[in-house]
Amino acid sequence: MIWAAVGAGVFAAVRKLKQAGSAGENTLAERMAARCERMLASMPASFPPNRMMADLETVKIQTARILEVLEEEVRETHRPKEVMRQ
């Protein structure tokens with residue numbers, strides 16, 4: 001009998017959490033992510049996770065630039081021959 005009551009309570013809690021998440025309210029994951037962002041923002045720039053995030057941003061920028069250069073090279077090498085003669 002106790003297990004049935006516990007199971008019903010857990011089921012009701014999960015259902016309530018799903019309803020709250022689908023109603024557009026902040027979910028637990030969103031609140032936790034926001035708290036982590038606030039915590040990291042308050043740390044110094046030399047804090048290892050902050051340095052890691054800065055390095056990731058640098059890598060994204062460099063990757064975007066590399067892709068632009070490669071796309072330009074592909075466009076130049078695959079132009080029709082008539083256009084290249086002019």
Side-chain angles (χ1 to χ4, degrees):
M1 184 69 176
I2 292 175
W3 288 106
V6 170
V10 169
F11 179 74
V14 168
R15 186 172 181 200
K16 183 70 175 168
L17 285 173
K18 284 184 179 180
Q19 288 174 350
S22 64
E25 298 175 10
N26 285 343
T27 63
L28 179 62
E30 290 171 342
R31 289 184 298 207
M32 289 174 62
R35 185 169 181 186
C36 286
E37 288 175 8
R38 285 192 307 271
M39 181 184 67
L40 287 175
S42 68
M43 296 293 173
S46 61
F47 186 60
N50 286 345
R51 285 189 3 223
M52 181 182 68
M53 295 303 286
D55 291 344
L56 288 174
E57 288 298 319
T58 303
V59 168
K60 285 180 185 179
I61 293 168
Q62 291 173 346
T63 302
R65 179 65 188 130
I66 290 169
L67 288 174
E68 288 174 7
V69 169
L70 290 174
E71 288 172 355
E72 182 64 30
E73 287 180 7
V74 167
R75 281 192 292 261
E76 288 177 4
T77 58
H78 288 77
R79 275 195 268 174
K81 292 180 182 178
E82 299 158 359
V83 175
M84 291 177 69
R85 289 182 192 158
Q86 295 176 350

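Bear in mind that the values here come from a model prediction, so they are computed numbers and not experimental data.
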Nearest 0.5 Å, what's the [atom1]-[atom2] distance between [X] and [Y]?
| X | Y | atom1 | atom2 | answer |
| --- | --- | --- | --- | --- |
| Arg51 | Met43 | CZ | CE | 14.5 Å |
| Glu72 | Thr77 | CD | OG1 | 10.0 Å |
| Leu70 | Arg75 | CG | CZ | 11.0 Å |

Arg35 atom CZ, over 12 foreign heavy atoms within 6.0 Å
no
Check your understanding: Under a 4.5 Å cut-off applied to non-hydrogen side-chain atoms, are Met53 and Glu57 in contact?
Key -> no
